[in-house]
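Comments concern the structure below.
The first residue of the sequence shown is numbered 1, and numbering continues consecutively from there.
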Amino acid sequence: MAKMKAGQALAKVLVSWNIDHIYGITADSINNTVDGLYQERDHINYIQVRHEEVGSLAATADAKLTGKVGISFGSAGPGATHLFNGLYDAKMDHAPVVAIIGQSATPIMNTFFLQEMDQDPMFVDLTDFHKQVTNPEQIPYVMDEAIRYAYRTKGPAIVIIPDNLSGEEIDFEPFKTAKTLTSATTKITDQSAVEDVYNLLKQAKHPVLWAGLGMKDARQEMIDFSEKFSVPVLTTAPATGIMPTDHPNYMGARGRLGTKPGFEVTQAADLIILAGTNYPFSRFLPQGIKFVQINNNIEDLGKQRDVDLAVLADAKPFFAKLNTMGEAVAPTPFLKAAQKDKQNWNAWLDKVADDDSNGLSPEAVIRAIKENSDDDAVFGLDVGNNLMWSIRQLPFNHDQKLSMSAWFGTMGYALPAGIAGKLSYPDRQVFSIAGDGGFSMTMQDLLTQVQYNLPIVNVVLENKAFGFIQHEKITANQEPYGIHFIGADWAGFADSMGAIGLKVTDRQSLAEAFKKVQELQAAGNTKPILIDAKVKNQDPVDTSFMPIDPEKFDKATIDAYNKQSNLFDQPPFSELLKNESKSVSLLK
């Protein structure tokens, strides 16, 4: 038992959970709590951001990248409201985070003092854990409980602390209860369920596995399943990388962030196995497809689409058992056609990247990142067209990691995610990739990267438009009102902030810029780098619906779609499947 300020006891609780950094901005309603962080500065780093939203988003990105709880804080009033964006992102993407929020001192609460507000009701929709402490002794206890709640629910928890309470002295003895971060497997695999799935698999001619983040710990089991049973694999966009992206059986994702093979193989499927995902767009797939859903959350079973077989199980042990069933299946015409479809798609991406006759293509920039990234690189991705290009091209075939704002879809996410990536993985190469619209929302925190010597490579794809929304306007036959904006000298901005700015306008300057990046990294550079890529404002091909199959669409419709999408050398999947089926018949 030792005497100390309650704010220091709070910091000791954070340290006991192996939390080594925390984001925020200090103010009069949280100064005593921050002073507690100062007392424990040798064990936990306070990262002073320039906007609380950036700290909140970075804490969420920490949680997504590492699985460990992320922590941010803000003052009463505006500090608290600025945290909302990151906290809702954590709620939607199931990331364990805790926000510490200041409050006016208890003697002046409820007296309409400066910045004082009743903050607790603000968080009712966000989380069930929104507690305001009422005495200093509660502070370390409530903090410990908040962390446990965040881990248990994989979501946000809120601790509100009147500033005078964290400045009072208490008797504190560290908690002895073990800090455990691993979740026990609770869903026992039922052998009869394994047999039911296997029987449906045997009956199917065109089976597809569609995996979500719930499969992230079952990578090898997923590869083994795909190879043994000759099944093409898709992932949801946030789950990109749980199947090696260069595996010939991996088709990418489906939807606007997807690929041509991802769309076409699901359209042609007769059995789809949804595993570890509550994918919201599965409701839009064709009727007549049999659906199996495997999930360890009973609430998610059948939530998005009525399924033929619902299995409550953990993915890793379930697929381990499923892979012991039956004999291996030789590559089928369906799988071979899918593999060819993917090869054609990748070749098309390269051809588009090669063409800078009308300006630098975004595909060329993403390809350059791919070619200059390490096998354990970390990518912070923003929302918009930049995310479409990144998901389609970046390599996630080794130990690379990505963080994105999936369900909440908040712009401005990439730069904070880059900060989180470098703090969580200081020895890895870290990229943030954003459009100029998203980057401008959080660009002030390039200063945070400079201040803490974080040599992140920030890539800004400038097309002077909200490109993702622009496509929606085009599709809805609306005027592009409110879409376009002025550009900026982002490289010059970076230089003025103490970072290193590099401007690229074509493939030659792009190659020169990445050569410079490699030289800087080899020399031990500690400054953030910003690549200002002036790209043409092109509408990425929308793969959520692709009317290119002549068996279903007329020539005028197909030609119009291909022209709008700049799609070429891409035979429809039905043609590829016919060719593969014909080859099998000839062999017989």
Checklist outcome for this item: Heavy atoms of Ile456 and Ser432 approach each other most closely as CG2-N, 4.2 Å
Checklist entry - In Å and rounded to the nearest 0.5 Å, what is the OG1 to CD distance from Thr475 to Gln564? => result 6.5 Å
Checklist entry - In this structure, are over 12 heavy atoms from other groups packed under 6.0 Å from Asp355 atom CG? => result yes
Item to check | Side chain proximity check, Leu394 to Trp389, heavy atoms < 4.5 angstrom | outcome: no
Item to check | Side-chain donor-acceptor pair present, Gln538, Glu363, cut-off under 3.5 Å | outcome: yes
Checklist entry - Does atom NZ of Lys316 have more than 12 heavy-atom neighbours from other groups under 6.0 Å away? => result yes
Checklist entry - Is it true that the side chains of Asn397 and Thr245 contain a donor and an acceptor less than 3.5 Å apart? => result no
Next on the checklist: Show, in sequence, the C-alpha distance, side-chain angles and deciding distance for His471 and Asn385, and conclude whether the side-chain hydrogen bond (donor to acceptor under 3.5 Å, both in side chains) test is met.
Outcome noted: CA-CA 9 Å; His471 175 81; Asn385 285 348; over 6 Å; no
Item to check | Trp407 ring center within less than 6.0 Å of Tyr88 ring center | outcome: no
Checklist entry - About how many Å separate CH2 of Trp345 and CG of Asp350, when rounded to the nearest 0.5 Å? => result 12.0 Å
Checklist entry - Is Glu371 atom CD crowded by more than 12 heavy atoms from other residues, nucleotides or ligands, each under 6.0 Å away? => result yes
Item to check | Asp306 atom CG, over 12 foreign heavy atoms within 6.0 Å | outcome: no
Checklist entry - Angle class for the Phe225/Phe319 ring planes (parallel below 30°, perpendicular above 60°, tilted otherwise)? => result perpendicular
Checklist entry - Can you find a side-chain donor-acceptor pair between Asn249 and Glu227 that sits under 3.5 Å? => result no
Checklist entry - Will you find, in the side chains of Thr259 and Arg254, an N or O donor that is under 3.5 Å from an N or O acceptor? => result no
Item to check | Sub-4.5 Å side-chain heavy-atom contact between Ile273 and Ile294 | outcome: yes
Checklist outcome for this item: Between Ala337 and Glu580, the two heavy atoms sitting closest are N-CG, 3.7 Å
Item to check | Any donor-acceptor N/O pair, Asp270 side chain to Lys205 backbone, under 3.5 Å | outcome: yes
Next on the checklist: Distance check, rounded to the nearest 0.5 Å: Ile419 atom CD1 versus Asn458 atom CG?
Outcome noted: 8.5 Å
Next on the checklist: Is any side-chain heavy atom of Phe568 closer than 4.5 Å to one of Gln570?
Outcome noted: no
Next on the checklist: side-chain contact (heavy atoms from CB on, under 4.5 Å), that's the test. Do Leu301 and Leu312 meet it? Break it down for me.
Outcome noted: CA-CA 8 Å; Leu301 292 172; Leu312 184 66; 4.2 Å; yes
Item to check | Donor-acceptor side-chain pairing of Glu195 and Asn199 below 3.5 angstrom | outcome: no
Next on the checklist: I'd like to know whether Lys578 forms a salt bridge (Lys or Arg N to Asp or Glu O under 4.0 Å) with Glu551, so could you lay out the CA-CA distance, the side-chain angles of the two residues, the decisive distance to 0.1 Å, and finally the verdict.
Outcome noted: CA-CA 12 Å; Lys578 279 183 181 179; Glu551 295 183 358; 2.8 Å; yes
Checklist entry - What is the ring orientation for Phe545 with Phe263, classed by angle as parallel under 30°, tilted 30 to 60°, or perpendicular over 60°? => result perpendicular
Item to check | Distance-only donor-acceptor check, side chains Asn323 and Asp224, under 3.5 Å | outcome: no
Next on the checklist: Using ring-ring contact (aromatic ring centres under 6.0 Å, His included), reason through Tyr413 and Phe408 one step at a time and then give a plain yes or no.
Outcome noted: CA-CA 11 Å; Tyr413 184 87; Phe408 200 49; over 10 Å; no
Checklist entry - Taking C-beta and beyond as the side chain, do Leu271 and Val292 meet within less than 4.5 Å on heavy atoms? => result yes
Checklist entry - Between Met388 and Asp542, is any pair of side-chain heavy atoms under 4.5 Å apart? => result no
Checklist entry - Parallel under 30°, tilted from 30 to 60°, perpendicular over 60°: which one fits the rings of Phe431 and Phe379? => result parallel
Next on the checklist: Under a 4.0 Å threshold between the charged nitrogen and the carboxylate oxygen, would Asp93 count as salt-bridged to Lys64?
Outcome noted: yes
Item to check | Test log, rule side-chain contact (heavy atoms from CB on, under 4.5 Å), inputs Val69 and Tyr151 | outcome: CA-CA 7 Å; Val69 71; Tyr151 275 126; 3.8 Å; yes
Checklist entry - Taking all non-hydrogen atoms of both residues, which atom of Ala59 and which atom of Val97 are closest, and how far apart? => result O-CG1, 3.8 Å
Item to check | Atom pair CE/NZ of Met251 and Lys260 - distance to nearest 0.5 Å | outcome: 11.0 Å
Item to check | side chain to side chain contact (heavy atoms under 4.5 Å, CB included) involving Asp559 - partner list, sequence neighbours excluded | outcome: Lys555
Item to check | Within 6.0 Å of NZ in Lys290, more than 12 heavy atoms from elsewhere | outcome: no
Checklist entry - Are the side chains of Val459 and Val365 in touch, meaning some heavy atoms are under 4.5 Å apart? => result yes
Item to check | salt_bridge(Lys473, Asp539) N-O dist < 4.0 Å | outcome: no
Next on the checklist: If we count only N and O atoms by modelled type, under 3.5 Å, do the side chains of Thr410 and Asp89 hold a donor and an acceptor together?
Outcome noted: no
Item to check | Parallel, tilted or perpendicular, as decided by the 30° and 60° cut-offs, for the rings of Tyr149 and Phe129 | outcome: tilted
Checklist entry - If you round to the nearest 0.5 Å, how far is CE of Met143 from CH2 of Trp17? => result 10.0 Å
Checklist entry - Can you find a heavy atom in the side chain of Leu201 that is under 4.5 Å from one in the side chain of Val231? => result yes
Next on the checklist: Can you confirm whether the side chains of Asp376 and His398 place a donor and an acceptor under 3.5 Å from each other?
Outcome noted: no
Item to check | Counterpart residues, salt bridge (Lys or Arg N to Asp or Glu O under 4.0 Å), relative to Lys351 (two or more places apart) | outcome: Asp569
Item to check | Rounded distance [0.5 Å steps], CG in Leu423 versus CD1 in Ile22 | outcome: 12.5 Å
Next on the checklist: How close do Ala99 and Leu83 get, counting heavy atoms only, and between which atoms?
Outcome noted: CB-CD1, 4.3 Å
Next on the checklist: Run Ile391 and Arg256 through side-chain contact (heavy atoms from CB on, under 4.5 Å) and show every step you take.
Outcome noted: CA-CA 10 Å; Ile391 289 296; Arg256 280 189 69 183; over 6 Å; no
Checklist entry - Looking only at heavy atoms, which two atoms of Lys370 and Pro395 are closest? And how far apart? => result CG-CD, 3.6 Å
Next on the checklist: Do Lys68 and Ile19 make a side-chain contact, defined as non-hydrogen atoms from C-beta onward lying under 4.5 Å apart?
Outcome noted: no
Checklist entry - Any Lys/Arg nitrogen of Lys342 or Glu264 sitting under 4.0 Å from an Asp/Glu carboxylate oxygen of the other? => result no
Checklist entry - What are the two closest heavy atoms between Thr240 and Leu402, and how far apart are they? => result O-CD2, 3.5 Å
Next on the checklist: Let's go through Arg428 and Asp374 carefully: what are the C-alpha distance in whole Å and the side-chain angles of both, what is the deciding distance for salt bridge (Lys or Arg N to Asp or Glu O under 4.0 Å) to 0.1 Å, and is it a yes or a no?
Outcome noted: CA-CA 8 Å; Arg428 294 196 185 192; Asp374 298 337; over 6 Å; no
Checklist entry - Do other residues, nucleotides or ligands put more than 12 heavy atoms under 6.0 Å from Lys228 NZ? => result yes
Next on the checklist: side-chain contact (heavy atoms from CB on, under 4.5 Å), that's the test. Do Phe468 and Asn386 meet it? Break it down for me.
Outcome noted: CA-CA 9 Å; Phe468 201 77; Asn386 59 90; over 6 Å; no
Item to check | Arg152/Glu145 salt bridge by N-O under 4.0 Å criterion | outcome: no
